[in-house]
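Below: the structure, in structure tokens.
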There are 2 protein chains.
Amino acid sequence: MFSIQIMRMSEGVEWALHECLNLTWLEPGEAVTAARLAKFYELPAAYLNKQLQALARAGILESTPGPRGGFRLARRPEDITVMDVVAAIEGPESAFRCQELVRRGPGDHEGVDYRKTCSISQTMRRAELAWRRELAAVTLADLKETVETRNPTVPGEVRRGFARLKV
Amino acid sequence: MFSIQIMRMSEGVEWALHECLNLTWLEPGEAVTAARLAKFYELPAAYLNKQLQALARAGILESTPGPRGGFRLARRPEDITVMDVVAAIEGPESAFRCQELVRRGPGDHEGVDYRKTCSISQTMRRAELAWRRELAAVTLADLKETVETRNPTVPGEVRRGFARLKV
DNA sequence: GGCACCATACTCGGATATAAACTGTCCGAGTCCCTAGGG
DNA sequence: CCCTAGGGACTCGGACAGTTTATATCCGAGTATGGTGCC
């Protein structure tokens with residue numbers, strides 16, 4: 001009743017970030033199937049698979065079909081930013097898309113691109129740029145190091161967790 | 001096919017911002033009906049009314065029923081930030097809502113609030129804070145002044161536009 | 001014993017249903033204005 | 001001529017459908033593997 005509508009980010013973003021972070025703790029070349037990744041957090045496997053495919057198309061993950069196949073990081077953790085992952089899932093477009101409302105109002109609008117000149121559009125774009133900059137400043141390697149510092153047992157738990165899971 | 005899903009802001013936000021900005025150019029105490037505000041940009045009147053009500057609930061607009069009624073700004077333009085308007089339409093919650101995925105993974109999670117401690121959640125929250133800070137730094141008065149400087153004829157056009165419209 | 005071939009089981013990949021949210025619309029409650037009647 | 005009461009019209013406000021988007025699922029195409037038969 002009070003909040004008419006809420007802008008929200010797909011929950012798939014959180015899934016993707018956690019799974020990518022988990023993949024940083026595997027041995028180089030080792031792959032994990034979508035089924036195991038899903039089981040790790042009790043997520044719906046088929047739907048998580050969809051997100052993983054989006055990450056693969058974006059060049060963040062590599063996929064191998066067949067037995068002993070699965071997903072692994074396509075680049076070093078230092079070269080994958082949080083922004084990369086978010087953009088892969090949420091799409092490259094910005095949250096605010098100027099409809100050029102001003103053009104539909106009175107006055108002369110000959111050859112003016114209000115997506116660039118409209119001061120409201122500029123404000124929204126500047127804010128979104130600040131958001132992107134923050135996310136682009138953090139890499140998977142940063143997250144990895146932070147977690148390892150706070151709780152050194154996590155890497156081992158994750159590796160053993162994947163190995164132990166029965167699919 | 002390529003972009004699975006896109007985080008997008010409601011178009012109502014753009015409507016609300018433009019209409020609020022237009023209201024800054026009215027004489028103090030003067031009110032404009034939802035029908036006229038809609039006609040100004042050729043928007044669906046009943047749906048715009050919905051957004052205006054949200055702005056009224058948030059204390060940004062004041063509404064007067066009956067003849068000669070309508071909407072007007074409830075505060076001075078200097079005291080209304082772009083963030084206020086966005087929050088009124090999109091809701092006060094953040095776009096990224098931590099589901100505490102980690103809690104569903106292996107390990108001990110006794111009495112830990114991962115919405116605060118999870119490094120991924122922290123990163124997303126920090127980015128969203130930067131976004132909010134940018135939007136909170138711009139007021140309707142700032143937008144008003146920018147537009148008037150670039151195009152001094154706009155205020156008069158808006159006033160005359162509202163007066164001329166036949167509903 | 002070594003090698004090549006084949007059947008098999010396992011994996012990803014995209015096409016397909018279901019649920020939720022946004023968008024759009026309608027009609028009723030409340031309020032102000034204008035008019036008409038009376039003092 | 002002024003005041004007052006009533007009717008009417010106009011406005012917002014919240015409740016009600018239609019359409020797009022996100023969520024969840026299933027089955028088929030492709031590949032490495034392991035076994036088997038042949039040389």
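Letters A, B, ... mirror the listed sequences (proteins, then strands); counts begin at 1. Computed from a predicted structure; not experimentally measured.
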Gap between atoms CG and C1', on A/Leu61 and C/dG13 respectively (whole Å) = 15 Å

Of the nucleotides C/dC12, C/dT23, D/dA9, which has the atom closest to the A/Ala34 side chain?
-> C/dC12

Considering just the side-chain nitrogens and oxygens of A/Arg57, establish if one lies under 4.0 Å of OP1 or OP2 belonging to C/dG14.
-> yes

Considering all heavy atoms, the nearest A/Ala136-A/Thr81 contact = O-CG2, 3.4 Å

Taking only side-chain nitrogens and oxygens of A/Tyr47, does any of them come within less than 4.0 Å of OP1 or OP2 of D/dT23?
-> yes

Test side chain to side chain donor-acceptor pair (under 3.5 Å) applied to A/Tyr114 and A/Glu100, A/Gln99, A/His109, the passing residue | A/His109

Whole-Å gap separating P (C/dT11) and CD (A/Glu30) = 14 Å

Taking only N and O in the side chain of B/Thr64, is any of them less than 4.0 Å away from OP1 or OP2 of C/dT31?
-> no

Can you find a side chain N or O atom of B/Thr33 that sits less than 4.0 Å from OP1 or OP2 on D/dC12?
-> no

Within the structure shown, what part of the strands sits under 4.0 Å from A/Pro67 by heavy-atom distance: base, sugar-phosphate, or nothing?
-> base

Nearest to side-chain heavy atoms of A/Phe71, which nucleotide of D/dT25, C/dG24, C/dG13 = C/dG13

In short, B/Phe162 meets B/Arg36 closest at the heavy-atom pair O-NH1, 2.7 Å

Side-chain heavy-atom pair B/Glu148, B/Pro155 within 4.5 angstrom cut-off = yes

In whole Å, what is the span from the CG atom of A/Leu43 to the P atom of D/dA22?
-> 19 Å

Between A/Met7 and A/Val32, who's closer to the 5' end of DNA chain C by nearest nucleotide?
-> A/Val32

How close or far is atom P of D/dT20 from atom CZ of B/Arg8, stated in whole angstroms?
-> 12 Å

Here the distance between atom P of D/dT11 and atom CG of B/Leu48, to the nearest Å, is 14 Å

For the pair made of CZ in B/Arg72 and P in D/dC12, what is the distance, rounded to whole Å?
-> 10 Å

Atom pair distance, as rounded to whole Å: NZ in B/Lys50 and P in C/dC27 = 16 Å

For residues A/Thr123 and B/Leu135, determine if any side-chain heavy atom of one lies less than 4.5 Å from a side-chain heavy atom of the other.
-> yes

Value in whole Å for how far the P atom of D/dT23 lies from CD of A/Glu90 | 8 Å

Taking the side chain of A/Pro65 as heavy atoms from C-beta outward, which of D/dT23, D/dC12, D/dT31 is closest to it?
-> D/dT31

Which comes earlier along DNA chain D counting from the 5' end, the contact point of A/Gly12 or that of B/Ser63, where each point is its nearest nucleotide?
-> B/Ser63

Return the nearest nucleotide to the side chain of B/Glu11; candidates are D/dA24, C/dC12, C/dG24.
-> C/dG24

Proximity to the side chain of B/Ala46 - top-ranked nucleotide from C/dT25, C/dT11, D/dC26 | C/dT25

Any side-chain heavy-atom pair of B/Asn49 and B/Gln53 under 4.5 Å = yes

Kindly say if A/Gln53 contacts the phosphate of C/dG14, meaning a side-chain N or O under 4.0 Å from OP1 or OP2.
-> yes

